[in-house]
S.K.: 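Encoded as structure tokens, here's the structure I'll be asking about.
Lettering follows sequence order; numbering is per chain, from 1.
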There are 4 protein chains.
Amino acid sequence: MASKAREEKERQILDGAITVFARSGYHKSSIAAIAREAGLAAGTIYLYFRQKEDLIIALFQRYLGDYLDEYEPRIHAEVDPAVRIRNLIRYHLAFFETDHDLAKVFQIHLREVSPLIREGITPVLVRYFDVIDHILQDARARGELDPELDLRLARKVLFGALDEIVTSWARAEHRYSLLAQVDPLYRILSRALGLKGEAECATG
Amino acid sequence: MASKAREEKERQILDGAITVFARSGYHKSSIAAIAREAGLAAGTIYLYFRQKEDLIIALFQRYLGDYLDEYEPRIHAEVDPAVRIRNLIRYHLAFFETDHDLAKVFQIHLREVSPLIREGITPVLVRYFDVIDHILQDARARGELDPELDLRLARKVLFGALDEIVTSWARAEHRYSLLAQVDPLYRILSRALGLKGEAECATG
Amino acid sequence: MASKAREEKERQILDGAITVFARSGYHKSSIAAIAREAGLAAGTIYLYFRQKEDLIIALFQRYLGDYLDEYEPRIHAEVDPAVRIRNLIRYHLAFFETDHDLAKVFQIHLREVSPLIREGITPVLVRYFDVIDHILQDARARGELDPELDLRLARKVLFGALDEIVTSWARAEHRYSLLAQVDPLYRILSRALGLKGEAECATG
Amino acid sequence: MASKAREEKERQILDGAITVFARSGYHKSSIAAIAREAGLAAGTIYLYFRQKEDLIIALFQRYLGDYLDEYEPRIHAEVDPAVRIRNLIRYHLAFFETDHDLAKVFQIHLREVSPLIREGITPVLVRYFDVIDHILQDARARGELDPELDLRLARKVLFGALDEIVTSWARAEHRYSLLAQVDPLYRILSRALGLKGEAECATG
DNA sequence: TATGAATGAGCCTTCATTCAT
DNA sequence: GATGAATGAAGGCTCATTCAT
């Protein structure tokens, strides 16, 4: 299929973009620099992406989308809400720990962004929120949650905590292990939700 | 000493900047637009701030700094850790609820930002983190906290949750009450920390 | 010798060019768009024309050249100067009425043009001017013209009038008949030249 | 008035533009080159004109507009249709003879042009057409014209003839006198219109 | 102090042209 | 011959910053 090669090249460009964005931030990164990083001419980028803004949208859709494609089924494969939440935490942290540049781009450089970009990003983010919401609703249905819990608020706490932890890790000069935080974080958050069960704290 | 008049004018400029940043974001806001909003000529801004980036640093230092000047003593005036944490939450949400434009700027437009800006912002942010850390350490010293709690992690959860809640409120088209979330959020977070005491849930 | 097939393909490209030029003008028309219109790949065009500018030169040479090849003999076949001039007018207007896109390209989009293009166009145009000049000289030799008439000026008036009439027709939203203007125009122009004879105003 | 200085500078830029356009044509002239010619920085041009296209529109509006402001009353001050037409011719040729660069820009480089530019140019051109139409209508009302003459067609012949004469003069390497053509041209055109009276062929 | 005209570096984007397949 | 991916030069335009008034 012709689009194999195309997808290949798109990935090559996006990888260049991650590197350059991580180094200089979105607004200070020129298309020329990204092209150089990707080993291409500047004009070539425009054969694959219509505008600079599309790069960052594609980045988000591609990387977070792929993540969700892979992990959403895995999370739902579990039934125990506690394990699900622990896995949510673990996968989230593991995802970013793999690629520090990507973490910087997602956590730092993707934040102030034009409405157009926002529009491109929102659907994928919403998909992630939906995963969390689903976990929480299911947990409540099974009676494993504090019945008074405001689920939307709970999701914001969950996501906000994860987000902040990854952000401060991405900003830190010194690289420490994100995954080491899975268990302590799980303990805090399961308590926050009033989770009854307890996930085994060995890897799931 | 910076004269009264000077500080007055700086505030006038910063207020213009908040309005314009909130409307268009930092990178799409021109000095000319800020000057127009502030009722000044573009050149005048440079009599008060050396660069565009200084505006955003000053914004942060001024507004968050003032906030801390006022609330840090208030928080420490309390002794009960539970009340302190509830107040932390309440003040935080109240602060942003007062000024939606400021919330947009702080939560959205201040996020992708050059290292220089980061450098200017960090000290104030650290000061806020210190307030939280201090509350937590004190709570632990009083034996009111889960003794196994990783305090730094706890602080990130706390801050991350607050941050996410304000961010999603700032982004929302529809304006809802932030303060209405104080109590449910407090319940979640106090449980997260393993707080023994319970704050009265009437306003403090 | 340029093969039949080659000429065929050149014509195919030029037809695409006319369509695209008529729609967007020369400078806003990309080779890619012309190729698309002609059902070819962009690169293919360069097998037939060395540069974009050559397209417009070829257009002119081909279409105006063919016109002259056909009509020059027809005009000279006539002997009566009055009929000749009437035919000149009629053929000119008929030529453009046939193809509105071509008219737009010739009358509008071919006008601001690089020296190189000018150089390519001039010979064909001169050939047309020569036809007119020849008619006028012959008419004078036959004593049918105002003897004081400056023939070069007369030619400019003739051509200028025709050109303006076609141009305003090409620009007009509403399509009206050009040929309907042959007779009234002939009356004006024959008077302008001081033509003695009178052409029959039925079709020649 | 502050706009004195502004108008001064606009004129300075437009003069630079005429020079550069005349030399290289509109599409091959860069803003940078125009700025250089005008002794300004490139950015400065954008303080006076929003886009490159506005330069050419302003050129047209300014120069042809000023011409009409001056000559429309002068033409109408005359009553004899023959004199009016002779003056029309004389003023037209005199206008361009004064400024060969302007003639090149108007006659050559202003012809293929975006719809936007066309839109800006049309009103002024229409104003000129109206002047001619008015002369012709008035002449007819006075019974000085061939009663069968199609006035719109006559106007096109008049304008087309003048336009072609100036165009070929503007293109010519060798500079000859345009004004020397006033009388012979008047003779041709007054005959074309079937004008009864005759204008004195000394200057009016 | 205040102004706002002027500067000019910088960057996205287009597109004619080339060339390996 | 035909393709269309790749190139890279070129240029319009923005805007932070300066400075003469």
S.K.: Applying ring pair (Phe, Tyr, Trp, His ring centres under 6.0 Å), can you list everything that pairs with A:Phe60, at least two apart in sequence or on another chain?
M.R.: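 A:Phe60: ring pair (Phe, Tyr, Trp, His ring centres under 6.0 Å) contacts with A:Phe106.
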S.K.: Round to a whole Å and report the spacing from CD of C:Glu10 to P of F:dG1.
M.R.: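 Checked: the CD to P distance equals 10 Å.
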S.K.: Across the strands shown, which category fits D:Phe49 at heavy-atom distances under 4.0 angstrom: base, sugar-phosphate, nothing?
M.R.: nothing
S.K.: Kindly write out the residues that satisfy side-chain contact (heavy atoms from CB on, under 4.5 Å) with A:Ala41, not counting sequence neighbours, or none if the list is empty.
M.R.: A:Thr44
S.K.: I'd like to check B:His109 versus B:Ile56 (side-chain heavy atoms, cut-off strictly below 4.5 Å). Are they in contact?
M.R.: no
S.K.: Short of 4.0 Å, heavy atom to strand atom, which residues of residues 50-62 of chain B count as contacting DNA chain F?
M.R.: B:Gln51, B:Lys52
S.K.: Apply side-chain contact (heavy atoms from CB on, under 4.5 Å) to A:Asp101 and list each qualifying residue two or more places apart in sequence or on a separate chain.
M.R.: A:Ile18, A:Thr19, A:Ala22, A:Asp99
S.K.: Is there side-chain contact between A:Leu47 and A:Lys9, with at least one heavy-atom pair below 4.5 Å?
M.R.: no
S.K.: List the residues meeting side-chain contact (heavy atoms from CB on, under 4.5 Å) with A:Arg118, not counting sequence neighbours, and say none if there are none.
M.R.: A:Val113, A:Thr122, A:Leu125, B:Arg171
S.K.: Give me each pair satisfying side-chain hydrogen bond (donor to acceptor under 3.5 Å, both in side chains) with a member in residues 45-61 of chain D, each pair once, sequence neighbours excluded.
M.R.: D:Glu53-D:Ser114
S.K.: If you assign each of A:Gly43 and C:Gly43 to its closest nucleotide in DNA chain F, which residue comes earlier from the 5' end?
M.R.: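 Looking at DNA chain F, the more 5' nearest nucleotide goes with C:Gly43.
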S.K.: Sorted by first residue and then second, give each salt bridge (Lys or Arg N to Asp or Glu O under 4.0 Å) pair with at least one member in residues 13-27 of chain C; sequence neighbours left out.
M.R.: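 Output for this query lists C:Arg23-C:Glu37.
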S.K.: Between B:Ile45 and D:Leu47, which is nearer to the 5' end of DNA chain E once each is assigned its nearest nucleotide?
M.R.: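 Upstream on the strand: B:Ile45.
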S.K.: Give me the first and last nucleotide of DNA chain E, going 5' to 3', that has any atom under 4.0 Å from a heavy atom of chain B.
M.R.: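 Span of nucleotides near chain B: E:dT1 to E:dG4.
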S.K.: Does any non-hydrogen side-chain atom of B:Leu110 lie less than 4.5 Å from one of B:Phe21?
M.R.: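 Side chain of B:Phe21 against side chain of B:Leu110, heavy atoms only: no contact under 4.5 Å found.
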S.K.: Quickly work out the D:Leu40 CG to F:dG12 P distance and round it to whole Å.
M.R.: 16 Å
S.K.: Looking at residues at least two apart in the chain, or sitting in another chain, which of them share a ring pair (Phe, Tyr, Trp, His ring centres under 6.0 Å) with C:Tyr63?
M.R.: none
S.K.: If you write DNA chain E from 5' to 3' in dot-bracket form, with Watson-Crick or G-U pairs under 3.5 Å, [ ] for crossing pairs and | for pairs with another strand, what do you get?
M.R.: .||||||||||||||||||||
S.K.: Could you identify which residues of residues 15-37 of chain B place a heavy atom less than 4.0 Å from some atom of DNA chain F, listed by residue number, or say none?
M.R.: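 Hits under 4.0 Å, by residue number: B:Ser29, B:Ser30, B:Ile31.
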S.K.: Between A:Thr44 and C:Ala41, which is nearer to the 5' end of DNA chain F once each is assigned its nearest nucleotide?
M.R.: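 Closer to the 5' end of DNA chain F: C:Ala41.
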S.K.: If you look only at distance, which donor and acceptor atoms sit under 3.5 Å apart when one is on a side chain in residues 28-35 of chain D and the other is two or more places apart or in another chain?
M.R.:
{"residue": "D:Ser29", "atom": "OG", "partner": "D:Val20", "partner atom": "O", "Å": "3.3"}
{"residue": "D:Ser29", "atom": "OG", "partner": "D:Gly25", "partner atom": "O", "Å": "2.5"}
{"residue": "D:Ser30", "atom": "OG", "partner": "D:Ala33", "partner atom": "N", "Å": "3.0"}

S.K.: Between D:Lys4 and D:Glu8, is the closest basic N to carboxylate O distance under 4.0 Å?
M.R.: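 No.
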S.K.: Thinking salt bridges, do B:Arg11 and B:Asp66 make one under a 4.0 Å N-O criterion?
M.R.: yes
